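Have a look at the structure below, then the notes.
Just so you know, these numbers come straight off a predicted model, no measurement behind them.
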Amino acid sequence: MIPTNKGMNNFIIKTLGCKVNQCESEAIARCLTMSGWTLAEKDATVCIVNTCTVTQKASMQSRQAVRRFIRTYPDSYIIVTGCYAQTESDEIEKIEGVNYIIGHADKHKIPDIIKGLARKGRQDIASSRPVSVWREIMYEHDFMQIPALSFGCRTRPFLKIQDGCNAFCTYCIVPHARGPSRSMKVESVLENIIQLKNKGCREVVLSGIHLGRYGLDLSPKTGLYELLCRIDASTPIERVRLSSIEPCELTGEIIELAARSEIICRHFHIPLQSGDDHILQRMNRPYTNVFFSDLIYKISESIPDAAIGVDTLIGFPGETEDAFENTYLAIEKLPVAYLHVFPFSPRKGTPANGYPDKISTKIIKERCRRMRRLGLVKKKSFYEKFIGKKVDVLVEGGKKGSNGIAKGITSNYIPVYLKGENILENTIIKGKIEKLCGNNSVHGRLC
């Protein structure tokens with residue numbers, strides 16, 4: 001059903017997947033609200049689904065989200081974008097009720113497309129097929145920024161400074177969905193951070209699909225280290241946090257800079273994927289278990305209070321019991337703070353989709369359970385090191401009142417619940433950690 005125009009410029013966005021997707025959704029929302037549109041809870045004129053396809057489950061959830069919007073808002077325009085829209089637009093076309101399919105190369109046009117819908121009549125988009133705004137992403141070479149600052153209701157907004165990936169790990173569909181690596185210009189990065197600071201933000205999370213490749217496509221060529229030096233020297237905001245960064249791209253220079261910096265958060269998220277060298281080779285991951293271990297120890301020695309998060313990909317084809325144990329033992333011995341555990345998911349168009357020696361779903365689930373249990377042990381051990389210590393906490397929310405509980409996050413990524421009088425949201429305050437609160441946070445008090 002094609003929506004009628006009731007003059008209600010309301011919209012809803014559903015976002016699946018990574019921080020970059022979240023950043024782009026927030027930018028779209030910000031651009032629309034600045035143009036007089038309203039982020040709605042119901043009765044939306046336009047429904048946007050920003051999809052993910054990194055796993056089979058993510059693709060399924062993306063389809064489910066689209067169908068849910070169609071059922072819930074039968075009189076609304078349904079717009080589908082994101083990685084699933086880029087790689088599987090033909091599958092989305094089969095879903096009756098979708099009005100627009102917009103690929104990544106034209107994602108920055110979404111606010112203008114949506115604003116144009118208010119001027120369209122039923123006859124303008126009535127069709128048995130959705131309107132497809134889609135181009136081949138592999139030939140894109142320019143960094144496209146949605147024309148609005150990515151700032152929604154977050155106290156720690158994401159700023160996308162890089163897009164695309166050149167790595168082509170054998171299991172990963174992302175390079176096909178996002179295209180080659182492209183970077184925001186250095187001056188634009190600094191200007192965006194200053195704008196966020198001026199809007200009252202205390203922390204920004206620098207995000208990218210392949211963050212460690214930042215700047216290598218620019219002219220003149222630069223790099224992530226050079227960008228961080230510029231940021232650190234100008235101190236445009238109180239905290240700068242890095243999203244996920246590849247092991248070979250987290251250089252000694254970056255570690256040393258973070259160790260002496262007052263604003264770079266003491267937090268690194270580094271994908272290992274496997275602790276077995278043979279599996280790493282089959283994955284096209286350009287490092288060894290020893291290289292990764294040395295990197296983690298170097299961070300721990302240089303920044304003893306740093307939180308180090310690690311990704312693992314379990315059940316890759318050919319992962320024998322010994323290969324899995326190599327991964328488990330590698331993580332068990334390392335000073336990491338938490339784990340993200342992902343089961344292998346074959347993706348059409350990737351080499352690993354056709355690899356022999358598939359691992360059964362039952363075995364993958366059991367190995368993932370073991371890894372997640374280990375992750376909880378590592379997190380508890382990391383948090384316990386800070387009991388009795390004073391920390392700086394960025395307050396993100398919580399109960400109000402003289403005896404309320406406020407929730408915040410430390411530079412080294414510890415979620416803290418603080419008790420104290422008149423704790424204000426979006427402030428950085430000194431707290432003292434007193435005890436663990438389950439496996440995922442700690443309790444403390446205002447100093």
Next item on the list: List the steps, then state whether salt bridge (Lys or Arg N to Asp or Glu O under 4.0 Å) holds for R156 with E203.
Entry: CA-CA 5 Å; R156 300 187 301 115; E203 177 181 314; 3.0 Å; yes
Nearest-0.5 Å distance that lies between atom [atom1] in [X] and atom [atom2] in [Y]:
X	Y	atom1	atom2	value
M371	K378	CE	NZ	10.0 Å
L329	F324	CG	CZ	9.0 Å
T361	E366	OG1	CD	13.5 Å
S132	I101	OG	CD1	5.5 Å
E319	F344	CD	CZ	10.5 Å
F292	L272	CZ	CG	4.5 Å

Just checking, any donor-acceptor pair under 3.5 angstrom between side chains of [X] and [Y]?
X	Y	result
S59	R347	yes
N284	T170	no
T155	N426	no
E249	H210	yes
D311	H269	yes
T320	D322	no
K107	N21	yes
S25	T15	yes
Y328	R367	no

Next item on the list: Classify the angle between the aromatic ring planes of Y413 and Y338 as parallel (below 30°), tilted (30 to 60°) or perpendicular (above 60°).
Entry: tilted
Check: Any idea how F69 and Y73 line up, ring-wise: parallel (<30°), tilted (30 to 60°), or perpendicular (>60°)?
Finding: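 Perpendicular.
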Note to self: Please determine whether side chain to side chain contact (heavy atoms under 4.5 Å, CB included) holds for the pair I264 and L257, giving the CA-CA distance in whole Å, both sets of side-chain angles, and the decisive distance to 0.1 Å.
What the structure shows: CA-CA 8 Å; I264 298 175; L257 175 62; 3.8 Å; yes
How close do [X] and [Y] get, heavy atom to heavy atom, and via which atoms?
X	Y	result
F382	D305	CZ-O, 3.9 Å
R182	G164	NH1-CA, 4.1 Å
C265	R239	SG-CD, 3.8 Å
R230	E187	NH2-OE2, 2.7 Å
R285	C169	NH1-SG, 3.3 Å
L218	K185	CD1-CA, 4.2 Å

Next item on the list: Apply salt bridge (Lys or Arg N to Asp or Glu O under 4.0 Å) to K348 and E88, showing your working.
Entry: CA-CA 10 Å; K348 183 175 68 175; E88 301 285 350; 3.6 Å; yes
Check: Is it true that a side-chain atom of S411 and a backbone atom of R266 form a donor plus acceptor pair closer than 3.5 Å?
Finding: yes
Next item on the list: Begin from the C-alpha positions of E91 and K94 and carry the test salt bridge (Lys or Arg N to Asp or Glu O under 4.0 Å) through to its verdict.
Entry: CA-CA 5 Å; E91 292 298 317; K94 297 175 185 177; 3.1 Å; yes
Check: Given the side-chain rings of Y171 and Y355, with only the six-membered ring counted for Trp, is the space between their centroids under 6.0 Å?
Finding: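 Centroid distance Y171-Y355: not below 6.0 Å, so no.
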Notebook entry, point to check: Is the centre of the H141 ring less than 6.0 Å from the centre of the Y139 ring?
Noted result: no
Notebook entry, point to check: Step by step, would you call R135 with D106 a side chain to side chain contact (heavy atoms under 4.5 Å, CB included)?
Noted result: CA-CA 8 Å; R135 287 184 287 145; D106 295 290; 3.2 Å; yes
Check: Taking the six-membered ring of F316 as reference, does the NZ or CZ atom of K358 fall below 6.0 Å from its centre and within a 45° cone about the axis?
Finding: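 No, K358 and F316 do not form such a contact.
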